There are 2 protein chains.
Amino acid sequence: MVSGQRGTVGIGEVARAAGVSNGTVSNVLNHPSRVNADTATRVHEAIQRLGYVRNGIASQLRAGTRTTVGSIVLDIRNPFFTDVTRGIEDHLATADFTLMTASSDGDVVREQRFLRLFEEQGVGGVVVVPAGEDVQRLVELAGRGTPVVVLDVSLPGSSLSSVSVDDVEGGRLALEHLLAQGYERIDVVTGAAEVRQTRDRLRGARLACESHGLDPDRVLSVRTARTLDSAGAEEAIGRLVDESGTCPHAVFAMNDLMAIGVQRALRRRELYEPGRTAVVGYDDIDLAAELLVPLTSIRQPTHALGARAAEILLAPASQEAEQVVFQPELVVRESSLGTARR
Amino acid sequence: MVSGQRGTVGIGEVARAAGVSNGTVSNVLNHPSRVNADTATRVHEAIQRLGYVRNGIASQLRAGTRTTVGSIVLDIRNPFFTDVTRGIEDHLATADFTLMTASSDGDVVREQRFLRLFEEQGVGGVVVVPAGEDVQRLVELAGRGTPVVVLDVSLPGSSLSSVSVDDVEGGRLALEHLLAQGYERIDVVTGAAEVRQTRDRLRGARLACESHGLDPDRVLSVRTARTLDSAGAEEAIGRLVDESGTCPHAVFAMNDLMAIGVQRALRRRELYEPGRTAVVGYDDIDLAAELLVPLTSIRQPTHALGARAAEILLAPASQEAEQVVFQPELVVRESSLGTARR
DNA sequence: GTCCGTCGTTGGAACGTTTTAATAACGCCA
DNA sequence: TGGCGTTATTAAAACGTTCCAACGACGGAC
């Protein structure tokens, strides 16, 4: 019951100080045209003097305006997602929105928890890279009134908008490149198989094999890593090498960090000589070109991806669901060039 | 803006469906022990059936509970800040808090805008890497009741808590290493000079010179880049080389991305031969070891930095301000080893 | 049989805004 | 002078929740 110490200056206090009513202060803030210039300056003075800061929570409750957007990516530390996030953030800033971020680590339960948190928070929308392939929860969320844009996954025919890069094409490009150099035994390092983009890239890889008249099951060997980062890939390839006693001829990794993990695993075992093992990554992160062995990779328009997603989210209310698909691009560097074996 | 579906289910509707009062539904959600088990299941059923989602905004307004924290870093794409952010996020998740992120790009105005946005949003606290050296606005913010933890800057004697790494020591370590190898002309590549950590590292660098009996002004040449990333450094060093026609003997860059920019600038001009130019970076990002020329760098405990900041923020209300200082560590790799000149 | 404590529930007040309908002041025209 | 439209302001009603004081029912102690 101790009063005063609660501290926060409210609109009422400002009103009293300026000798006007609550409503007038509110009008000064939200509809300046409705209020006399003199009173306005008097109110502004009081605001300044008292250090009043509008309580956005109360404001949101009454007015229903939303100024925040949530995003969930698989792991913010992955440069691909970092760039995408920055793209979202930049576009939102133009509309004075702020972004709440979360990493699901590919865990559907974590994703679900954050979605609920965001929804309760009353976000104006959600940009999400789905952890699983089931987007039912997202459709429900959208049905309850929170706009959803799905990122990095295309959902033809869905009621949700999506922005993605053609992963089948990306996988095809990578394999096409390796096959063109004569490699016919290729290890594919993936994370959890239920991730959509992994499956699409694999599909693209298989298509490339078939178009060369090869049996994908004989060409491709999938190696599953525990995590989607360099440590996971290093461990997976390390185990493969240690157990089989042989060194892979060519490796296609699901992202550049994993490709780097592959390079590291081989280098640590002194198996990584120029031209011995071809490595192709994915994402073409900034640093791909600066590596000990510069990395061949698949480039995606990351910043644009995020910005576009934010743009769709903020677009004036529910239009038709929109499916945007960007095209990836192969960037060849040293890591995949060399004397092909077999 | 976003127009939600009209039909949001409220607590009242659930209450009616379950044949109880509003208060009881609220109790089921917030104080389950107070309510009879039978009624509880009946209410839960109704919640399930109607797809009720608690309106967190209204909840926050009445109860004053805060479940979100804001963070402002210089640039989320910089791996150092990405790791720190992830550290914050991970710690917050243990308390069911979510993180709102923003990048100030070192711009005080941008920072101020985000701070205001966060405050209005009613965040439970703010973790901020200050863009300028003036933390007055932050002190005021804290005074108005929003806990603030300052990151990557130490504020001895301030009323604000801070978590930082000893940047003077970091700068000293870097220079000590270069001087020990005989380099006596060292270019320092920085971003905007008003950034505190830049100044501290420079101070450490000067101290190292003095302790070797050298005049810092003769040893060190500061090169200011427009941006804190690899592009900025590449441009700055490129200009230096093109204009002076000479190649730097040793370079100390303010972060690893900039160090990579330096390497790139020299390599593009075919001036980057082993042992010719020593380069030391800062941050020891994951990839520093995987570069074309593995990078000597100063390592900082990034994840722990963020986690500790979040921990202080969530600590049971205003204790004494706390100043945590971590120590950096020199990691020597090839980029700084070679035949010293002069 | 009365008194008291506990348990479960309830109606209504609060949280700090925005919004709306109502009011007051003023000048203008008939 | 009376009627009417504009403009500036106000008091009070929302928004959806949580909190609080109060209440009835029950059972055990005296």
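FYI, side chains are in, hydrogens and waters are out, and symmetry mates aren't considered; it's all heavy atoms of this structure. Here the structure is a predicted model, which is why all the values come from computation and not from measurement. So that the names make sense, note that chain A is the first sequence line, chain B the second, and so on, each numbered from 1.
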**Q.** Donor-acceptor under 3.5 Å (R42(A) side chain, A18(A) main chain)
**A.** yes

Q | Separation of dT18(D) P from L29(B) CG (nearest whole Å) | A | 6 Å

Q: Ignoring backbone atoms, test whether Y52(B) places a side-chain nitrogen or oxygen under 4.0 Å from the OP1 or OP2 oxygen of dG16(D).
A: no

Q. Under a 4.0 Å N-O cut-off, is there an ion pair linking R86(B) with D90(B)?
A. yes

Q.
Measuring from atom CG of L228(A) to atom CG of N78(A), what distance do you get when rounded to the nearest 0.5 angstrom?
A. 8.0 Å

Q. Rounded to whole angstroms, how far apart are CD1 on I11(B) and P on dA14(C)?
A. 19 Å

Q) For N30(A) and dG16(C), what is the distance between atoms CG and P respectively, to the nearest whole Å? A) 17 Å

Q. Is E120(A) salt-bridged to R54(B), going by a charged N under 4.0 Å from an acidic O?
A. yes

Q: Sugar-phosphate atoms are those with a prime plus P, OP1 and OP2; base atoms are the rest. Using that split, label each nucleotide of nucleotides 10-15 of chain D B, S or - for protein heavy atoms under 4.0 Å, 5' to 3'.
A: B--BBB

(Q) Using side chain to side chain contact (heavy atoms under 4.5 Å, CB included), reason through V123(B) and V69(B) one step at a time and then give a plain yes or no. (A) CA-CA 5 Å; V123(B) 297; V69(B) 161; 5.7 Å; no

Q: Determine the sole option in V163(B), V126(B), V128(B) for which the side-chain contact (heavy atoms from CB on, under 4.5 Å) test with V149(B) is passed.
A: V163(B)

Q: For the residue pair T68(B) and Q121(B), confirm or rule out a side-chain donor-acceptor distance under 3.5 Å.
A: no

(Q) Can you see if the side chain of H31(A) gets near the phosphate of dT18(C) - specifically, an N or O under 4.0 Å from OP1 or OP2? (A) no

**Q.** Angle by which the axis turns from one end of the helix from dG1(C)-dC30(D) to dA30(C)-dT1(D) to the other, five pairs per end, to 10 degrees
**A.** 60°

Q. With E119(A), which of R137(A), R113(A), R144(A) fulfils salt bridge (Lys or Arg N to Asp or Glu O under 4.0 Å)?
A. R144(A)

Q.
Testing the basics here: between L99(B) and T101(B), what is the closest heavy-atom pair and its distance to 0.1 Å?
A. CD2-CG2, 3.7 Å

Q) Starting at CG of N36(B) and ending at C1' of dT6(C), how long is that distance when rounded to a whole Å? A) 14 Å

(Q) What is the separation between atom CG on L50(B) and atom P on dG16(D), rounded to the nearest whole Å? (A) 15 Å

Q) Should P301(A) and V165(A) count as side-chain neighbours, where that means a heavy-atom distance under 4.5 Å? A) yes

Q. Is it true that the side chains of S103(A) and D105(A) contain a donor and an acceptor less than 3.5 Å apart?
A. no

Q. To the nearest angstrom, how far is R16(B) atom CZ from dG11(C) atom P?
A. 13 Å

Q) Of all the choices, dT20(C), dT19(C), dC19(D), which nucleotide is nearest to the side chain of R34(A) once you look at every atom? A) dT20(C)

Q: Measure the distance from CD on Q60(A) to C1' on dT18(C) and round it to the nearest whole Å.
A: 13 Å

Q: May I ask you to verify if any side-chain N or O of S59(A) is less than 4.0 angstrom from the OP1 or OP2 atom of dG16(C)?
A: no

Q.
Just N and O in the side chain of T39(B): are any of them under 4.0 Å from OP1 or OP2 of dG8(C)?
A. no

(Q) What is the separation between atom CZ on R42(A) and atom C1' on dT9(D), rounded to the nearest whole Å? (A) 11 Å

Q: Summarise how protein sits on nucleotides 23-28 of chain C as a single string, 5' to 3': B when a protein heavy atom is under 4.0 Å from the base, S for sugar-phosphate-only contact, - for no contact.
A: ------

Q. Would R308(B) and E311(B) pass as an ion pair if we require N to O under 4.0 Å?
A. yes

